[in-house]
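Residue indices begin at 1 and follow the sequence shown.
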Amino acid sequence: MVMTTTGLARAREIAESVTDPELPMLTLADLGVLRDVEITAEGTVVVTLTPTYSGCPAMAEMRADVHRSLTADGFAQVRVRTALDPPWTTDWISPRGRRRLAEHGIAPPGAAPVRSAPVPLELEPPRARIRCPRCDSSRTEELSRFSATACKALRRCTDCAEPFEHVKEI
């Protein structure tokens, strides 16, 4: 395949369409883990991903899916690299991604906490005001700090009584 601006646009389009293995309603671009797509002078497509956290078990699958999608479209040389700096934050989830989470019954995260060194020690987590994605009530409670994946919590709305997941702010 001849690497031109059109080739770069096509590679970017393909990489942006790969879905997250744990949140399949989101693309990696929606989730904000897709950082960059470039084509080197030698013609290698280099895709840069930033994991949601350093131990994310879905990262290997994300890398494989990006590689598989690009090679299936005719890109012969593909490399997927990981960038840990700057670290991913839930603020990188796109507005479309936040809307898609809510449409699928998952409460999107609020603004990520601002951190500066030194990190203050808090003995109890701050009380979160998470809105129910089904009825929009703010009267919800946390049932478990972890849900189907480590990045989500399980909550319940005390008004409509429906359980739902919430992507935790990072």
* **Results of salt bridge (Lys or Arg N to Asp or Glu O under 4.0 Å) for Glu61 - residues two or more places apart only** => Arg68
* Does a side-chain N-to-carboxylate-O contact under 4.0 Å join Asp73 and Arg10? -> yes
* Do the side chain of Arg155 and the main chain of Leu143 share a donor and acceptor less than 3.5 angstrom apart? -> no
* Over all heavy atoms of both residues, which pair between Arg131 and Thr140 is shortest? Give the atoms and the distance, please. => C-CG2, 4.3 Å
* Asked: How many angstroms lie between CD1 in Ile93 and CD in Glu169, if you round to the nearest 0.5 Å?
  -> 9.0 Å
* **CZ/Arg63: more than 12 non-hydrogen atoms of other groups inside 6.0 Å** => yes
* Asked: When you look at Ser69 and Ser17, which way does the side chain to side chain contact (heavy atoms under 4.5 Å, CB included) test go after all the steps?
  -> CA-CA 9 Å; Ser69 296; Ser17 70; 5.9 Å; no
* Got a second to check how far Leu84's CG is from Thr50's OG1, nearest 0.5 Å? -> 7.0 Å
* Phe164/Ile130 under side chain to side chain contact (heavy atoms under 4.5 Å, CB included): CA gap, chis, key distance, verdict -> CA-CA 11 Å; Phe164 65 92; Ile130 308 301; 4.0 Å; yes
* Asked: Closest heavy-atom contact between Glu142 and Ala153?
  -> OE1-CB, 4.0 Å
* Stepwise, does the side chain to side chain donor-acceptor pair (under 3.5 Å) test hold for Asp159 with Ser137? -> CA-CA 7 Å; Asp159 284 339; Ser137 170; 2.5 Å; yes
* Over all heavy atoms of both residues, which pair between Ala111 and Asp91 is shortest? Give the atoms and the distance, please. => CA-OD1, 3.6 Å
* **Separation between CD1 of Ile106 and NZ of Lys152, rounded to the nearest 0.5 Å** => 4.5 Å
* Do Leu34 and Leu8 sit in the same hydrophobic cluster, where Ile, Leu, Val, Met, Phe, Trp and Tyr count as joined when their side-chain heavy atoms come under 4.5 Å apart? -> yes
* Asked: Passes side chain to side chain contact (heavy atoms under 4.5 Å, CB included), Phe75 versus Ile14? Steps please.
  -> CA-CA 11 Å; Phe75 291 94; Ile14 293 166; 3.9 Å; yes
* Treating Ile, Leu, Val, Met, Phe, Trp and Tyr as nodes and any side-chain heavy-atom pair under 4.5 angstrom as an edge, say whether Val167 and Met25 lie in one connected cluster. => yes
* To do: Given side chain to side chain contact (heavy atoms under 4.5 Å, CB included), test Ile39 with Thr44 step by step and report yes or no.
  => CA-CA 5 Å; Ile39 298 179; Thr44 301; over 6 Å; no
* Indicate the atoms forming the closest heavy-atom contact of Ala58 with Glu22, along with that distance. => CB-CD, 3.8 Å
* Structure fact -> In short, Phe146 meets Ser144 closest at the heavy-atom pair O-OG, 2.7 Å
* **Closest heavy-atom pair and its distance - Pro109, Leu101** => CD-CD1, 4.2 Å
* Asked: Val47 and side-chain contact (heavy atoms from CB on, under 4.5 Å): which partner among Leu70, Val18, Leu28?
  -> Leu70
* Asked: After noting the C-alpha distance and the side-chain angles of Ser147 and Glu165, does the key distance pass the side chain to side chain donor-acceptor pair (under 3.5 Å) rule?
  -> CA-CA 7 Å; Ser147 184; Glu165 293 181 306; 2.4 Å; yes
* Asked: Can you hop from Leu31 to Val80 via hydrophobic side chains spaced under 4.5 Å?
  -> yes
